[in-house]
2 protein chains.
Amino acid sequence: MARAATTSDAFNAVAEPRRREILELLAFGERSVGDLVLKLGLEQPSVSKHLGVLRRVGLVRARRHGRRILYKANPEGIRPLHAWTKTFERLWEHQLLRVKERAEEKPRQVERE
Amino acid sequence: MARAATTSDAFNAVAEPRRREILELLAFGERSVGDLVLKLGLEQPSVSKHLGVLRRVGLVRARRHGRRILYKANPEGIRPLHAWTKTFERLWEHQLLRVKERAEEKPRQVERE
DNA sequence: TTGACATATTCCTATGTAGGAATATATAGT
DNA sequence: ACTATATATTCCTACATAGGAATATGTCAA
């Protein structure tokens, strides 16, 4: 089998760098598709397709305004990612502490293997 | 072109659910490959390949111990993901506040379009 | 060195998908 | 109704890759 579908969840959706760029732009507020096209330098269909993926996994919301369609980030969709990564927070804090400890103590003990 | 390579960065690496499972298991401490195989119910080559991806992007560290090879999570590798998602934290906090406000005030104003 | 155990790697194939080109849909203005 | 504008969708193709099977590599013990 191939990789899981991007439409399946937010993790896959943000694995694509362009989609992260889009989310970063939409974090400042609403933007039309054409606006994003200008900012990103991508083809309009590409942007629309990326927005489609982001919308399907709930990372952005869209509303029509005249001829334009305005997109905005739905930060709630990013929360699960944040929560998952946060479970490792205590680990890297612990890791940093160990590094600091080693730097302060004398190098008596040699790492085995 | 196709999707970006999983070996390219941590975002792609954790997009795969199995790899997230592996990281969650390795968060508790070192584990051998065979141990992970038992816990995950996957084929040994699959686990080895996932570990290879995680190792290449710096999400896990490995050391040989006799015949076994022990893997552990390298939480530092997850920090960039956490940092990226955290930039949206103020947004969902703001969003939650707005939801709360709306729930408390009388529904006088109608959302346009 | 031979054999058993533990892990990695190679080869193969099916599949999801990003991007490009062309086209379809929708809206506003005249 | 017609036209221009804005966005979405469809079709196509190249390609990365997940998993399976088979094999290779590495390590210990006798």
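Proteins come first, then strands; the chains are lettered A, B, ... in the order of their sequence lines, and each starts at number 1.
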Q) Mind checking whether Trp84(B) and Phe11(B) have parallel, tilted or perpendicular rings, split at 30° and 60°? A) perpendicular
What integer distance in Å separates [X]:[atom1] from [N]:[atom2]?
X	N	atom1	atom2	value
Arg20(B)	dA18(D)	CZ	P	13 Å
Glu30(A)	dT7(D)	CD	P	13 Å
Arg63(B)	dT27(D)	CZ	C1'	15 Å
Asn12(A)	dA18(D)	CG	C1'	12 Å
Ile22(A)	dA18(C)	CD1	C1'	12 Å
Arg67(A)	dT27(C)	CZ	P	12 Å
Arg19(B)	dA16(D)	CZ	C1'	12 Å
Leu70(B)	dT27(D)	CG	P	14 Å

Can a side chain N or O of [X] be found less than 4.0 Å away from OP1 or OP2 on [N]?
X	N	answer
Tyr71(B)	dA6(C)	no
Arg64(B)	dA6(C)	no
Arg55(A)	dA8(D)	no

**Q.** Any residue of residues 35-51 of chain A with a heavy atom less than 4.0 Å from an atom of DNA chain C
**A.**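 The answer is Glu43(A), Pro45(A), Ser46(A), Lys49(A), His50(A).
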Hey, is the main chain of [Y] close enough, under 3.5 Å, to the side chain of [X] for a donor-acceptor pair?
X	Y	result
Thr85(A)	Leu81(A)	yes
Arg20(A)	Val14(A)	yes
Arg64(A)	Gly66(A)	yes

Q) What is the nucleic acid contact for Arg68(A), judged by heavy atoms within less than 4.0 Å: base, sugar-phosphate only, or nothing? A) sugar-phosphate
**Q.** Glu89(A) with Arg79(B): basic N within carboxylate O range, under 4.0 Å
**A.** no
Q) From the list dA8(C), dA18(C), dG19(D), which nucleotide is the closest neighbour of the side chain of Ile69(B)? A) dA8(C)
Q.
Taking the minimum atom-to-atom distance to the side chain of Arg18(A), which one of dG19(C), dA29(D), dA18(C) wins?
A.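 From the listed options, dG19(C) comes nearest.
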Q) When you look at Arg31(A) and Leu25(A), which way does the side chain to side chain contact (heavy atoms under 4.5 Å, CB included) test go after all the steps? A) CA-CA 8 Å; Arg31(A) 279 184 187 282; Leu25(A) 287 173; 4.0 Å; yes
Q. When you look at Arg19(A) and His50(A), which way does the side chain to side chain donor-acceptor pair (under 3.5 Å) test go after all the steps?
A. CA-CA 6 Å; Arg19(A) 288 198 283 263; His50(A) 282 311; 3.2 Å; yes
